[in-house]
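In what follows, a structure is listed as structure tokens, so that the remarks can point back to it.
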Amino acid sequence: MEPAEVEFLAEKELVTIVPNFSLDRIHLIGGDLGPFNPGLPVEVPVWLAISLKQRQKCRVIAPEWMDVGKLEEIRDQERKEDTFTRMPSPYYMELTKLLLNYASDNIPKADEIRTLVKDTWDTRIAKLRLSADSFVRQQEVHAKLDNLTLMEINTTGTFLTQALDHMYKLRTNLQPGETAHSQDF
């Protein structure tokens with residue numbers, strides 16, 4: 001899966017907006033949205049929130065977890081734990097990127113939030129690389145990686161599957177009892 005596909009999935013997550021227009025309920029394949037009344041919060045998918053924000057039709061309210069204090073706690077817990085901690089959203093990185101790119105003027109302390117999420121991401125990716133390295137060195141055949149997000153899996157998935165494929169080929173070519181065939185004539 002490509003990162004753009006993961007971002008597409010993240011755009012289906014709901015976020016709260018405060019519209020500055022009136023509109024009755026709209027009926028979409030994914031469900032009904034609205035009604036939209038000026039000044040009254042309503043939940044919409046991220047893709048719609050971004051579209052409305054770009055047309056200056058709403059104000060985006062940051063998700064509850066997109067708070068400096070909460071993100072500092074998450075970052076610190078991630079640094080302390082050996083295992084992966086549960087993230088506040090399965091698309092925390094994509095949502096942060098999207099919302100801060102398109103609605104940073106609506107999100108307090110946007111730069112601090114961006115830094116905290118990036119620090120958490122870096123910590124988790126470093127853990128994932130160490131786990132993968134340990135997995136390969138110990139010649140394990142399966143692993144359980146709880147609490148990873150789709151983007152994190154996507155980031156290292158290709159590398160890990162290729163590494164395991166190469167290890168498998170090496171193991172099957174060097175089975176005990178087999179003799180290596182020389183190409184000397």
Side-chain angles (χ1 to χ4, degrees), residues 1-81 83-128 145-157:
M1 184 175 285
E2 295 293 319
E5 293 172 302
V6 178
E7 190 173 292
F8 174 77
L9 294 174
E11 289 177 352
K12 295 178 184 180
E13 292 288 299
L14 296 178
V15 67
T16 303
I17 63 165
V18 179
N20 58 16
F21 64 95
S22 292
L23 183 67
D24 288 335
R25 232 172 182 24
I26 54 175
H27 307 284
L28 303 174
I29 292 173
D32 296 346
L33 300 174
F36 299 89
N37 294 306
L40 294 178
V42 62
E43 282 194 338
V44 297
V46 171
W47 63 265
L48 182 58
I50 290 170
S51 177
L52 292 172
K53 175 66 178 163
Q54 287 175 324
R55 291 190 262 145
Q56 300 177 351
K57 295 289 187 187
C58 74
R59 182 172 50 89
V60 176
I61 297 176
E64 188 178 305
W65 57 265
M66 201 176 278
D67 171 73
V68 171
K70 290 181 182 177
L71 289 172
E72 283 174 340
E73 287 176 25
I74 291 168
R75 180 202 57 198
D76 294 343
Q77 183 180 2
E78 192 65 49
R79 287 178 175 172
K80 276 191 275 185
E81 298 288 328
T83 58
F84 295 97
T85 57
R86 181 176 297 285
M87 297 312 300
S89 166
Y91 301 105
Y92 77 98
M93 188 66 171
E94 302 84 10
L95 291 176
T96 301
K97 178 185 164 209
L98 289 166
L99 294 177
L100 294 183
N101 282 350
Y102 295 101
S104 61
D105 58 325
N106 293 156
I107 299 173
K109 300 181 181 179
D111 290 334
E112 289 179 59
I113 288 170
R114 191 182 316 261
T115 301
L116 288 166
V117 169
K118 179 74 168 100
D119 288 349
T120 304
W121 170 267
D122 291 342
T123 301
R124 291 173 66 85
I125 293 300
K127 266 189 205 180
L128 189 53
L145 296 172
D146 291 335
N147 300 323
L148 284 180
T149 65
L150 192 53
M151 187 64 85
E152 292 163 346
I153 293 169
N154 187 48
T155 300
T156 57

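Starting from 1, each residue takes its place in the sequence as its number.
Counting only heavy atoms from C-beta outward, the side chains of D119 and R79 approach each other to under 4.5 Å. Considering only heavy atoms from C-beta on, D105 comes within 4.5 Å of K53 through its side chain. Two residues are said to be in side-chain contact when any heavy atoms from C-beta on lie closer than 4.5 Å; P90 and L150 fail this criterion. Within the 4.5 Å cutoff, the side chain of E152 has heavy atoms near those of the Y92 side chain. Looking only at side-chain heavy atoms (C-beta outward), I113 and L71 come within less than 4.5 Å of each other. In this structure, E81 and K127 have side chains that are in contact, with non-hydrogen atoms separated by less than 4.5 Å. Proximity of D146 to T83: side-chain heavy atoms (C-beta onward) are nowhere separated by under 4.5 Å. Counting only heavy atoms from C-beta outward, the side chains of R75 and E78 never approach each other to under 4.5 Å.
A donor-acceptor pair under 3.5 Å links the side-chain atoms of N101 to the main chain of K97, judged by distance alone. No donor-acceptor distance shorter than 3.5 angstrom exists from the side chain of R86 to the backbone of N147, with no hydrogens or angles considered.
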Q: Could you walk me through whether K118 and D122 pass the salt bridge (Lys or Arg N to Asp or Glu O under 4.0 Å) test, one step at a time?
A: CA-CA 6 Å; K118 179 74 168 100; D122 291 342; 2.8 Å; yes

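Aromatic ring orientation, F36 versus F21: parallel (interplanar angle below 30°, classes split at 30° and 60°).
Checked by atom type, the side-chain pair T120/R124 shows no donor-acceptor distance below 3.5 Å.
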Per-pair distances, 0.1 Å, donor-acceptor, side chain in residues 61-69, under 3.5 Å, sequence neighbours excluded:
from: E64; atom 1: OE2; to: K70; atom 2: NZ; distance (Å): 3.3
from: D67; atom 1: OD2; to: G69; atom 2: N; distance (Å): 3.2
from: D67; atom 1: OD2; to: K70; atom 2: N; distance (Å): 3.2

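Within 6.0 Å of the OH atom in Y102, the count of heavy atoms belonging to other residues, nucleotides or ligands does not exceed 12.
P45 is linked by a side-chain contact (heavy atoms from CB on, under 4.5 Å) to L14, L33, W47, L48, counting only residues two or more places apart in sequence or in another chain.
D32 contributes atom CG, which lies 11.5 Å from atom CG of D24 (distance to the nearest 0.5 angstrom). Between the CG atom in D111 and the CG atom in L100 there is a gap of 8.5 Å [rounded to 0.5 Å]. In this structure, CD in E94 is found 9.0 Å from CG in L9, a value given to the nearest 0.5 Å. For the atom pair CE of M151 and CD1 of I125, the computed distance is 10.0 Å after rounding to the nearest 0.5 Å. Annotation: the span from E7 atom CD to E2 atom CD amounts to 12.5 Å, rounded to 0.5 Å.
Across C58 and L52, no two heavy atoms sit closer than the pair SG-CB, 3.7 Å.
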